[in-house]
Amino acid sequence: MKVVITSTSDSLTSTFDRRFGRTAWFCILDTEDDAIRFIPNEHLNASNGAGLKAAEMMGELKVSKVISGDFGPKAKQLLDKLGIQMVVIDEADSLVQEIIERLNYTK
Amino acid sequence: MSSFKIAIASGKGGVGKTTISVLLYHQLQKTMNETISLVDCDVEEPNSRIFFPASTQTNKEVAYQEIPMIDTTLCSFCRKCVNVCEFNAIMMVSALEHAEVNESLCHSCGACEYVCDRQALGTKRVAIGEMSQHNTSTGVLYEGRLEIGSVMQTRLIGMLKEWGATDHLTIYDAPPGTSCSVVETLDEMDYVILVAEETSFGLHDLKLIVRLVKALQLPFGVLINKAGLGTTPLKAYLEQEHIELLGEVPHNLEFAKASAQADIFSNIPWSIQTSLERVTQKIKHKRVEL
Ligand code: SF4
Ligand code: SF4
């Protein structure tokens with residue numbers, strides 16, 4: 001399954017980004033083969049609907065779970081409809097790597 | 001009688017714009033033999049009616065917007081509509097055959113329908129607010145009230161202006177600031193009265209709205225409210241920019257209190273009354289001139 005963590009930059013040593021819709025990057029972890037990818041959030045600066053667009057992207061990527069700090073109400077609704085699980089953590093200083101380690105998906 | 005549309009605007013809230021609108025409405029009605037209308041275009045927070053506790057509602061109408069709906073059985077998930085939507089209102093996940101339009105983001109521009117070549121887009125009506133007409137002790141008052149959460153303020157203002165159009169003199173109380181809602185209110189006005197306060201913030205806010213009315217190429221003048229309160233070089237600015245000073249409504253504490261309690265017509269102080277008379281006189285001249 002695919003798990004996404006919102007990230008401030010594009011490496012494992014980046015800090016976690018608390019914002020879902022306005023995160024800079026998405027870190028995508030594929031638990032099947034342990035592959036990790038970073039993709040930029042192209043709607044980061046959209047004046048409207050950034051959260052919804054991010055949720056849409058999660059759907060297209062067939063993500064099962066998203067880890068972030070703050071999902072807006074609209075994004076939450078859509079993620080719910082798409083059957084994507086949301087996990088809220090409130091650890092602004094954590095590194096993406098630390099969060100992945102805690103997830104404990106490694107085989 | 002021909003119509004004459006006057007908007008009352010200010011660069012920011014809190015300068016007494018609504019009080020001035022209501023007083024001018026009252027004063028103009030007293031001196032003219034036609035029914036004057038007041039249209040409250042501050043649809044997010046309409047408050048002109050507070051000044052007329054005895055008013056009665058005579059008509060009302062719900063304003064709608066058309067929201068597109070995507071029929072996923074016809075849709076090919078080509079995303080043309082998604083890409084053309086400037087407001088990011090369409091969510092589409094082809095992997096899950098999911099497509100929806102977000103009501104609170106959609107501006108009913110019709111672009112998506114235009115680009116779809118599969119006729120997959122239908123529409124549904126969604127209420128954006130309510131327009132109402134009232135008889136006040138003075139004349140007629142129109143009010144628009146935006147549905148909470150709707151982003152269609154400009155659409156509602158446009159509809160309200162059309163709904164309340166008469167061939168008489170009409171005063172439009174604009175929302176505060178210089179937003180799109182203000183631009184929509186000022187559209188097709190014959191004259192604009194800018195209400196300003198003689199404080200340093202007041203001057204700053206006035207400059208912003210002056211820039212806007214100049215860009216819209218509308219004839220305008222400035223009315224100083226609560227005159228005598230501050231000491232900023234507001235008048236020097238008006239002179240330097242060759243902007244007409246329509247009048248000054250002096251500051252009067254007792255009256256300010258009364259207007260806060262919405263009982264303002266019963267005893268308008270003579271100093272304010274004289275200044276209102278002068279301004280309405282000027283407005284009448286404008287109507288002949290313009
Ligand atoms: S009508 Fe305009 S704003 Fe609404 S969904 Fe279609 S393109 Fe977007
Ligand atoms: S343009 Fe029409 S066919 Fe293409 S995705 Fe939009 S609704 Fe579907």
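All chains are named by letter (A, B, ...) in the order of the sequence lines, taking the proteins before the strands, and each is independently numbered beginning at 1.
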(request) Could you tell me which portion of Glu100(B) (side chain, backbone, both or neither) has an atom closer than 4.5 angstrom to a non-hydrogen atom of chain A? (result) side chain

(message) Side chains of Thr6(A) and Thr23(A): any donor to acceptor distance under 3.5 Å?
(response) no

(message) Heavy-atom cut-off 4.5 Å, strictly under: side chain, backbone, both or neither for Lys62(A) against chain B?
(response) side chain

(request) Under 4.5 Å heavy-atom distance to chain B, tell me which part of Leu61(A) shows up: side chain, backbone, both or neither. (result) neither

(message) Assess whether a salt bridge exists between Lys124(B) and Glu103(B), defined as any Lys/Arg side-chain N lying under 4.0 Å from an Asp/Glu carboxylate O.
(response) yes

(message) Taking Lys12(B) first and then Glu197(B), would you say they form a salt bridge - that is, a charged N and a carboxylate O separated by under 4.0 Å?
(response) no

(request) Over 60° means perpendicular and under 30° means parallel, so classify the ring planes of Phe20(A) and Phe71(A), tilted if in between. (result) tilted

